Protein chains: 2
Amino acid sequence: MPTREQAKQARRDAIITAAVRLMRARGDAGFSMRALAEAAGVSIATPYNLFGSKQAIMLAVLDAGMARYEDHLDRLEADALDIFFEAVSLAVELYGEAPKFHKAVLFAAYGDGGRDHRAVFGDPRFLFWKGRVDQARDAGLLESEIEANALALALSQQFFICILEWAYGQIGLDELESRVHYSFALLLKGAATAAGAKRIAPRIRPLQQQLTRFWADAPLPLTADKSA
Amino acid sequence: MPTREQAKQARRDAIITAAVRLMRARGDAGFSMRALAEAAGVSIATPYNLFGSKQAIMLAVLDAGMARYEDHLDRLEADALDIFFEAVSLAVELYGEAPKFHKAVLFAAYGDGGRDHRAVFGDPRFLFWKGRVDQARDAGLLESEIEANALALALSQQFFICILEWAYGQIGLDELESRVHYSFALLLKGAATAAGAKRIAPRIRPLQQQLTRFWADAPLPLTADKSA
DNA sequence: ATTTGGATTATAACGCGTTATAGCTTTAGC
DNA sequence: GCTAAAGCTATAACGCGTTATAATCCAAAT
């Protein structure tokens, strides 16, 4: 039991705990490395020694929260096709429980330096989608020629960018869900067998109706305020 | 001829010109508001008076460059379906002419504050995609029930996030092109009529082969270096 | 020609992420 | 128990985007 390593780990935990606490309390505003160090009862230099950068800390916080998401995911019992949409809805639900927190973490993990954004949606999440693609293909819902990596990547990216728009405050959680569902429906239908396409097709029209309802207020979805 | 306004416009132009020059010369590195002000022969406060923020300046630079893209786009004479893919290839080509510059601009326009990223792919670009969706639908290639805004948005986003990955140095221009083409093929096929789907389908397999070739080096597309 | 007033200037300052330096505490090895 | 070193602390500093302040300039109106 190396006491040295214990103390280091304790400090590490204290920093992550303090980060979560600060984020949940005040969101992104007022969260700085200096504030974090003070809240963790530690010098400003220590977080850099233990994590390297603010972004690394945010990724650690994000991963801690993602563990919970993956627990829920494992418990999801859904059809090989429905699982795609339910996984999205589950994430939306979890985000909704602590939106300020998740927005702040996502924004900090992605927005500031930005370079490591594949880490935000890296290994575990991507592998999840890939696994579902494989299952859907085995179930005869997707074309056998479809490459799981390629489709999973497209799904991941579409999910990711919608989450970013939400984190940046440009859309609400409900629109996030509809948008991702819509993109997923199109992507999956594009890769689907005739049988799969028949099952996905009915999803499209209602999703479009929901989306146009969202956009009834804001005339054009991508138009910035200035030219509205 | 209000001399006052002329002088202001001259200053504005000097700033944009200096920004472009600096970006083309050294890329993102060494480009700061202080360096920009000095290069433009202007005080540090002036860019803020005239543009408001660094991001606004970057968006202005980006828009200046985009005008050229749109000129080329207008001259593109392609089939209602092929146009989607050729428009992407055209953008890739233009990026390739001055990659350092475009990366730096995109990164600065999007990456730093990040909040206005819809402005990066705002009005003009989005409207372009929407117009093409309308045309493809009129040509009987897309289902008549497809909502142009919704599909155009999905296309825009998919394009945008791949561009971001390129700007962040995580993929090359060739992979960028393949990825966007692949996503476009799936999305469009998902929204296509039987006739449209028949035309898009042959694109998918070659694109997948190209993508897997890219990924032969880097085992998993989304995996960060650490866990490779 | 003189006044007026809006814009630019120089400059200092703020908080940010990050890094470097020097000193101190505390653990590990003898 | 003593020494050596690892790791934290305190602190200053750097460059960044951005803002505020006061001085200054110069076109515009009288």
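The chains referred to below are lettered A, B, ... by the order of the sequence lines, with proteins before strands, and numbering in each begins at 1. In this text, all values refer to a predicted model and were calculated from it rather than measured experimentally.
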Who passes ring-ring contact (aromatic ring centres under 6.0 Å, His included) against B:F85, sequence neighbours left out? B:H181
Once you round it to whole Å, what is the distance between C1' of D:dC16 and CG of B:D28? 12 Å
List the protein contact pattern of nucleotides 5-12 of chain C with one symbol per nucleotide (5' to 3'): B for base contact, S for sugar-phosphate-only contact, - for none; contact means a heavy-atom distance under 4.0 Å. BBSBBBB-
Output yes when at least one side-chain N/O atom of A:S32 is less than 4.0 Å from OP1 or OP2 of C:dG15, else no. no
Angle class for the B:F84/B:F184 ring planes (parallel below 30°, perpendicular above 60°, tilted otherwise)? perpendicular
Take the protein atom CD of A:Q55 and the nucleotide atom P of C:dC16, then report the distance between them rounded to whole Å. 18 Å
State which residues pass side-chain contact (heavy atoms from CB on, under 4.5 Å) with A:A167; sequence neighbours excluded, sorted by chain then number. A:L106
To the nearest angstrom, how far is B:F51 atom CZ from D:dG17 atom P? 15 Å
Rounding to an integer number of Å, can you tell me how far A:L36 CG sits from C:dC16 P? 12 Å
Pairs touching residues 97-108 of chain B that satisfy salt bridge (charged side-chain N to carboxylate O under 4.0 Å, His left out), sequence neighbours left out: B:R68-B:E97
Please collect all side chain to side chain donor-acceptor pair (under 3.5 Å) contacts where either partner lies in residues 13-27 of chain B, sequence neighbours excluded, each pair once. B:Q9-B:D13
Between A:Q9 (CD) and C:dT27 (P), how many Å, whole number? 17 Å
Could you give the CG-to-P distance, from A:L22 to C:dC16, as a whole number of Å? 12 Å
Quickly work out the A:I57 CD1 to C:dG17 C1' distance and round it to whole Å. 11 Å
Table please: side-chain donor-acceptor pairs of residues 41-48 of chain A below 3.5 Å, with sequence neighbours left out.
residue: A:S43; atom: OG; partner: A:A45; partner atom: N; Å: 3.2

